[in-house]
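As structure tokens, the structure follows; a few thoughts come after it.
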2 protein chains.
Amino acid sequence: MRADAMRNRRLLLDAAAAEFAEHGMDVSVARIAVRAGIGKGTVFRHFATKEQLITAIFADQLDGLAATGEALLRGTEAAAGVDTGAGVGAGPAVARGADALLAFMSAGVEAQVGDRAFCQAAGAIARADPQVRRASQRLAAVAEALTAEARHDGSVRDDVTGHDIVLLINAASQATAPLGDTVPGLWRRYLSMMFDGLRPAAAHPLPVPAPEETHFTAAARHA
Amino acid sequence: MRADAMRNRRLLLDAAAAEFAEHGMDVSVARIAVRAGIGKGTVFRHFATKEQLITAIFADQLDGLAATGEALLRGTEAAAGVDTGAGVGAGPAVARGADALLAFMSAGVEAQVGDRAFCQAAGAIARADPQVRRASQRLAAVAEALTAEARHDGSVRDDVTGHDIVLLINAASQATAPLGDTVPGLWRRYLSMMFDGLRPAAAHPLPVPAPEETHFTAAARHA
DNA sequence: ACCTGAACACCGTTCAAGT
DNA sequence: ACCTGAACACCGTTCAAGT
């Protein structure tokens, strides 16, 4: 790839991410091109279709969230190590896994609510793209690990999986969509309620088993 | 309104509802007109814009859900009346309010998941329309009444409002969107989890107060 | 190789001509 | 009054001409 192509690709991705976040994913390609300072045709040289452009940005954001989750996971593991090693100085071990899991979910919801395009993309499209699939799997893996930690705390019921967590993040971000940003932090209310539903105290048997990776790949093919 | 106009309006609404439900809200107006057997221009005689057509259908569906909720509410009230009157023959009074509330939420989610347009409309648009606002308020009122019943049972925490319920219905329907209909009844899993979060047993204090009607009207103006 | 803007097809919306 | 399809503006996508 030539140097100017490289540079244009970056300009394009940045401009597109900003425009999508501000105005939703129906901003015109022309407008994005202007903001990036490149020709309209150049957009389609880098991404065969507008949807593929959205897809690339979406995958990037999922990867960012996965990285956040992995950092949180290292935190709980390190803290656990300290606990078993010395047994002093650390906070209450019983809630650490739950805190990390809630922080992860909060980060996920927060990323979506500030970003109109993310909201819309998360809902429907772009799941077929292998790039997005890979990011999704990484996300589910770290979610599963964080859930396992919280389970060990006894603060999360044992029939909840990493895939459940990813889907609940999605659900929580959509909860307040009808209100726009009229009540800025409102999503925390619903994430809290959902998190209470994850606790063992109120757990009732679930009517349907958790989805497996198979179902996600099947959905990707079907779309 | 002339008789043929009346007839065309009905044909249009039915065709549009079907097309939207099957293919999402980006089906072309031309296609809807063909299915309705009317001219493209006639669509715009009945609804000034495509979005207003969507809005009308959306409001209708919200009204349908409100009616379901009101029927459920009459059911619990009637049952409660029998209970206090005779005190025999009825089922366990303690869970009736909870059952009705869950049935209401299930009906709401079910209506959305089978309907691609409903999903997308619920997410973003059309909240400004007064018709939709009225339907929304009616929905929130019946949700509030059902919640009150469940509270009396002691099966729902007391910091949950009707507006919360409406937003949670929205959230639950979006939860499984990434999976399409790969796992048909999967939404029941997440509605169950959320419902467990509504029970007093696991209730933790919520970080943000419930939204008021004011916020919804403000959001409507802003959109 | 890559960039560009004019050209094309499609879709929402308008409107002049019909009944 | 209401219906209709041709006409318009706009947007995603393509491509011939440039460097």
Side-chain angles (χ1 to χ4, degrees), chain A residues 1-58 116-117 120-121 123-126 128-129 132 223, chain B residues 1-58 116-117 120-121 123-126 128-129 132 223:
Chain A
M1 183 137 83
R2 240 165 51 180
D4 57 342
M6 201 108 208
R7 192 180 133 276
N8 279 339
R9 192 191 162 88
R10 181 102 310 270
L11 287 171
L12 169 57
L13 281 170
D14 291 346
E19 285 292 328
F20 285 145
E22 288 166 24
H23 307 112
M25 61 187 212
D26 40 4
V27 281
S28 72
V29 171
R31 187 171 170 153
I32 293 170
V34 168
R35 177 153 182 169
I38 64 180
K40 212 169 48 159
T42 310
V43 174
F44 293 95
R45 163 156 271 272
H46 287 275
F47 299 94
T49 177
K50 185 185 182 182
E51 198 173 318
Q52 281 184 36
L53 171 60
I54 294 171
T55 275
I57 293 171
F58 188 51
R116 298 185 59 172
Q120 293 169 36
I125 14 164
D129 184 90
V132 173
Chain B
M1 183 135 85
R2 239 164 54 181
D4 57 342
M6 200 107 208
R7 193 180 133 276
N8 280 339
R9 192 189 161 89
R10 181 102 307 271
L11 287 171
L12 169 55
L13 281 170
D14 291 346
E19 284 293 326
F20 285 145
E22 287 165 25
H23 307 111
M25 60 186 214
D26 39 4
V27 282
S28 71
V29 171
R31 189 171 167 153
I32 293 170
V34 169
R35 178 152 180 170
I38 64 181
K40 214 170 46 161
T42 309
V43 174
F44 291 95
R45 162 156 271 273
H46 287 275
F47 300 94
T49 177
K50 185 186 181 182
E51 199 174 316
Q52 282 183 34
L53 171 60
I54 294 171
T55 275
I57 293 170
F58 188 50
R116 298 186 60 171
Q120 293 169 37
I125 14 167
D129 184 271
V132 173

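Labels below follow one simple rule: chain letters A, B, ... track the order of the sequence lines, proteins then strands, and each chain is numbered from 1. These values consider heavy atoms only, across backbone and side chains, with no hydrogens, waters or symmetry-generated copies.
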Closest to the B/R45 side chain, choosing from D/dT14, C/dA1, D/dC2: D/dC2

Minimum-distance nucleotide (side-chain atoms of B/D4 versus D/dC2, D/dT14, C/dG12): D/dC2

Nucleotide of D/dC2, C/dC2, D/dG12 approaching B/R2 most closely (side-chain heavy atoms): D/dC2

Nearest-nucleotide comparison on DNA chain D, the residue closer to the 5′ end among B/M6 and A/K50: B/M6

Nearest listed nucleotide, side chain of B/I38, among C/dA1, D/dT4, D/dG12: D/dT4

Complementary nucleotide of C/dA16, counting Watson-Crick and G-U pairs under 3.5 Å: D/dT4

Interatomic distance where CG belongs to A/L12 and P belongs to C/dC2 [whole Å]: 14 Å

Sugar-phosphate, base or nothing in reach of A/T42, heavy atoms under 4.0 Å: base

Distance in angstrom units between A/Q52 CD and D/dG12 C1', rounded: 13 Å

Closest to side chain of A/V29, choosing from D/dG12, C/dG12, D/dC2: D/dG12

Euclidean distance, atom CZ of residue A/F44 to atom C1' of C/dA1 [Å, nearest integer]: 20 Å

Interatomic distance where NZ belongs to B/K40 and P belongs to D/dA6 [whole Å]: 9 Å

